[in-house]
Each structure stands twice: as C-alpha cells, then as structure tokens.
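Here's the structure, in structure tokens; my notes come after.
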Amino acid sequence: MTISNASGLSLPDLASSPLRQAVVEHVLELEAPSIAHHSLRSYFFALKVADFRRLRRDVDYDDDALFFAAVLHDLGLSDQGEARPDRFEVAGADMAVELLARHGVPSEVRDVVWDAIALHTSPGITQRRGIVCDLASAGTGVDFGYESDFLSDEEAAVINEAFPRLDINTAIGQLIIEQAERNRPVKAPHLSTADYFYRSVHGFDLSFVSRWGAV
C-alpha cells in the first residue's frame with residue numbers, strides 16, 4: 001500500500017527522518033488500510049488541535065513523540081496485536097515502544113508514547129498525563145468528528161482526501177468487536193472501550209451489576 005497525495009496536502013512530516021519512514025512503513029505493513037489511514041490522519045488532526053491551542057511544535061510539545069503516538073496508536077488492532085494477551089490499547093502501546101526501542105528512541109520518549117497509546121480511549125485521563133497524551137487522543141477524536149468545531153470542512157477535506165476514510169467507522173468497530181468475540185475477556189475487560197463495542201452488539205452484562213445482589 002502506498003500513500004497518495006492527490007489532495008496537495010504537504011506531507012514532509014512523514015518523510016522527515018528515516019525513523020518516521022520506518023514507523024509509517026510498519027503501520028502500513030501490519031494494519032488494515034482503513035486503520036492505517038485513520039492513524040495517519042490522527043497525527044495531522046492532532047497538529048490542527050495543537051495549532052488551534054497555539055501550541056508550538058517542539059517547544060510546547062515533542063513532535064516526534066506525538067507522531068509516534070498518533071501513527072502507532074492502533075497497532076493493537078493488527079493480527080499481531082490480537083495475538084497479545086492484553087486489551088488492544090495496551091497491546092498497541094507495548095508494540096509501539098518495542099519498535100521504538102529497536103530504533104534507539106530514548107526511554108523517556110517511549111514512556112510518553114506508551115501512555116498516549118494506552119490511554120487514547122480514556123477521555124478525562126489523557127489531559128492529566130501530559131500534552132502529547134492529550135494531543136494524541138484529541139487527534140484520534142477529531143478524526144471521528146469529536147470536538148472538531150474549530151476545524152473547517154475545507155481544512156479537514158485536505159487530510160481526508162490524502163488518506164481516504166475507507167469506511168473507518170464500520171471497519172474499526174468491526175475489528176474491535178471481532179477481537180472481543182474471539183478473545184473475551186482479555187480483549188474486552190468490563191467497562192473498556194472494547195466492552196462498549198461488544199455490548200452494543202451482544203447486550204449489557206447484567207451479572208456485572210453485582211454478584212452479591214443490590215441489597
């Protein structure tokens with residue numbers, strides 16, 4: 001799979017270093033195209049959030065750490081991620097930092113990336129774990145339209161055209177549900193994002209209310 005640029009979006013960030021190129025190639029190799037495109041869009045949407053907040057790249061936040069966190073945040077939804085005995089956010093975080101360690105990325109950066117990926121589905125927590133964690137989560141949210149009022153349709157279209165959406169809403173939900181169905185409960189612990197998707201299809205687990213009853 002190759003990255004198209006028919007929209008005219010400037011993509012220097014994807015080729016600005018051999019490591020960034022390796023990260024993109026890793027994602028394109030392991031992930032379904034719909035998930036890979038979502039991951040790439042998430043980085044550019046995260047940059048839009050940072051610009052809107054008047055945050056300065058590599059002054060107020062580490063742009064490399066943000067790039068790694070956003071682009072690698074859904075590795076847990078790959079076949080390799082499913083093979084790991086953890087929910088997809090944790091599996092993806094582990095896979096990301098293992099990749100970065102092989103490329104010599106310092107542990108302090110890897111720690112930031114791990115938090116950002118493991119917590120990207122935890123609104124209300126990401127804001128307390130540093131600006132990269134917050135921006136990475138915000139970028140993934142904007143890709144689904146969450147808290148995106150600051151962004152014009154025209155600005156979003158440039159990113160969406162560069163990385164076509166490929167029915168991401170259906171694709172990502174289906175992947176999460178299928179992982180949960182095949183690997184419960186480790187892939188869908190109670191009250192996790194995966195559990196939410198699973199329960200949207202299979203119904204609420206009333207036994208979770210309390211084994212011991214309500215009175």
Side-chain angles (χ1 to χ4, degrees), residues 23-24 26-32 34-43 45-46 49 61-62 65-101 105 107-147 168-202 205 208:
V23 164
V24 172
H26 190 71
V27 166
L28 295 176
E29 178 184 356
L30 295 190
E31 294 180 356
S34 57
I35 306 301
H37 278 207
H38 160 63
S39 299
L40 292 162
R41 287 193 307 270
S42 294
Y43 169 67
F45 281 129
V49 173
Y61 64 94
D62 182 337
L66 178 59
F67 179 88
F68 301 145
V71 175
L72 296 170
H73 82 271
D74 271 338
L75 283 178
L77 294 177
S78 66
D79 290 342
Q80 291 83 349
E82 182 173 0
R84 297 193 173 216
D86 299 288
R87 55 191 286 180
F88 80 89
E89 301 96 331
V90 173
D94 288 345
M95 292 173 69
V97 298
E98 289 164 11
L99 172 68
L100 298 178
V105 174
S107 60
E108 58 268 24
V109 176
R110 300 199 309 266
D111 288 346
V112 170
V113 171
W114 195 95
D115 277 2
I117 295 176
L119 295 171
H120 79 270
T121 60
S122 302
I125 298 176
T126 55
Q127 295 90 333
R128 302 294 186 94
R129 298 303 301 161
I131 189 61
V132 167
C133 194
D134 188 20
L135 288 174
S137 179
T140 64
V142 169
D143 192 42
F144 294 106
Y146 180 68
E147 294 190 348
I168 181 59
N169 293 51
T170 300
I172 196 168
Q174 192 62 37
L175 272 175
I176 293 170
I177 291 166
E178 288 173 357
Q179 278 199 6
E181 290 172 338
R182 289 190 293 260
N183 304 278
R184 286 188 58 76
V186 294
K187 292 297 181 183
H190 280 303
L191 302 182
S192 66
T193 297
D195 188 53
Y196 169 82
F197 278 91
Y198 179 86
R199 294 301 170 190
S200 71
V201 173
H202 295 282
D205 181 7
F208 175 63

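From a predicted model like this one, the values you see are computed outputs, not experimental measurements.
Among residues two or more places apart in sequence or in another chain, the side-chain hydrogen bond (donor to acceptor under 3.5 Å, both in side chains) test is passed with D143 by H38, R41, R165. Contacts of Q80 classified as side-chain hydrogen bond (donor to acceptor under 3.5 Å, both in side chains), with partners at least two apart in sequence or in another chain: none. Taking the side-chain hydrogen bond (donor to acceptor under 3.5 Å, both in side chains) definition, one finds that Q174 meets it with E178, sequence neighbours left out. For R128, there are no side-chain hydrogen bond (donor to acceptor under 3.5 Å, both in side chains) partners, not counting sequence neighbours. For the ring pair (Phe, Tyr, Trp, His ring centres under 6.0 Å) test, no residue two or more places apart in sequence or in another chain qualifies with Y146.
Separation of atoms CG (L75) and CG (L99) is listed at 7.5 Å; rounding is to 0.5 Å. Here the CG atom belonging to L40 is positioned 6.0 Å from the CG atom belonging to L28, to the nearest 0.5 angstrom. Note that OH of Y61 is 6.0 Å distant from CG of L66, once rounded to the nearest 0.5 Å. Here the CD-CG distance, from E31 to D79, works out to 11.0 Å after rounding to the nearest 0.5 Å. The CG atom of L175 sits 8.5 Å away from the CD atom of E82 when rounded to the nearest 0.5 Å. The structure places CG of L72 at 8.0 Å from CZ of F67, a figure rounded to the nearest 0.5 Å.
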message: Checking V49 against E147 for the side-chain contact (heavy atoms from CB on, under 4.5 Å) test, could you report, in this order, the C-alpha distance in whole Å, the side-chain angles of both residues, the deciding distance, and whether it holds?
response: CA-CA 10 Å; V49 173; E147 294 190 348; over 6 Å; no

message: Please determine whether side-chain contact (heavy atoms from CB on, under 4.5 Å) holds for the pair I168 and F144, giving the CA-CA distance in whole Å, both sets of side-chain angles, and the decisive distance to 0.1 Å.
response: CA-CA 9 Å; I168 181 59; F144 294 106; 4.0 Å; yes

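In terms of heavy atoms, V27 sits closest to V71 at CG2-O, 3.3 Å. Among all heavy-atom pairs drawn from S78 and M95, the shortest one is OG-CE, 3.8 Å. Across T126 and S137, no two heavy atoms sit closer than the pair CG2-CB, 3.7 Å. For the residue pair H73 and S42, the shortest heavy atom distance occurs at CE1-OG, 3.6 Å. Of all the heavy atoms in I172 and N169, the pair that sits closest is CG2-O, 3.8 Å. Counting all heavy atoms, side chain and backbone alike, T121 lies closest to E89 at OG1-OE2, 2.8 Å.
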Donor-acceptor list for residues 112-119 side chains, cut-off 3.5 Å, not counting sequence neighbours:
from	atom 1	to	atom 2	distance (Å)
W114	NE1	D94	OD1	2.7
D115	OD2	R129	NH2	3.2

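For D62 (side chain) and A65 (main-chain N/O), a donor-acceptor pair under 3.5 Å exists by modelled atom type.
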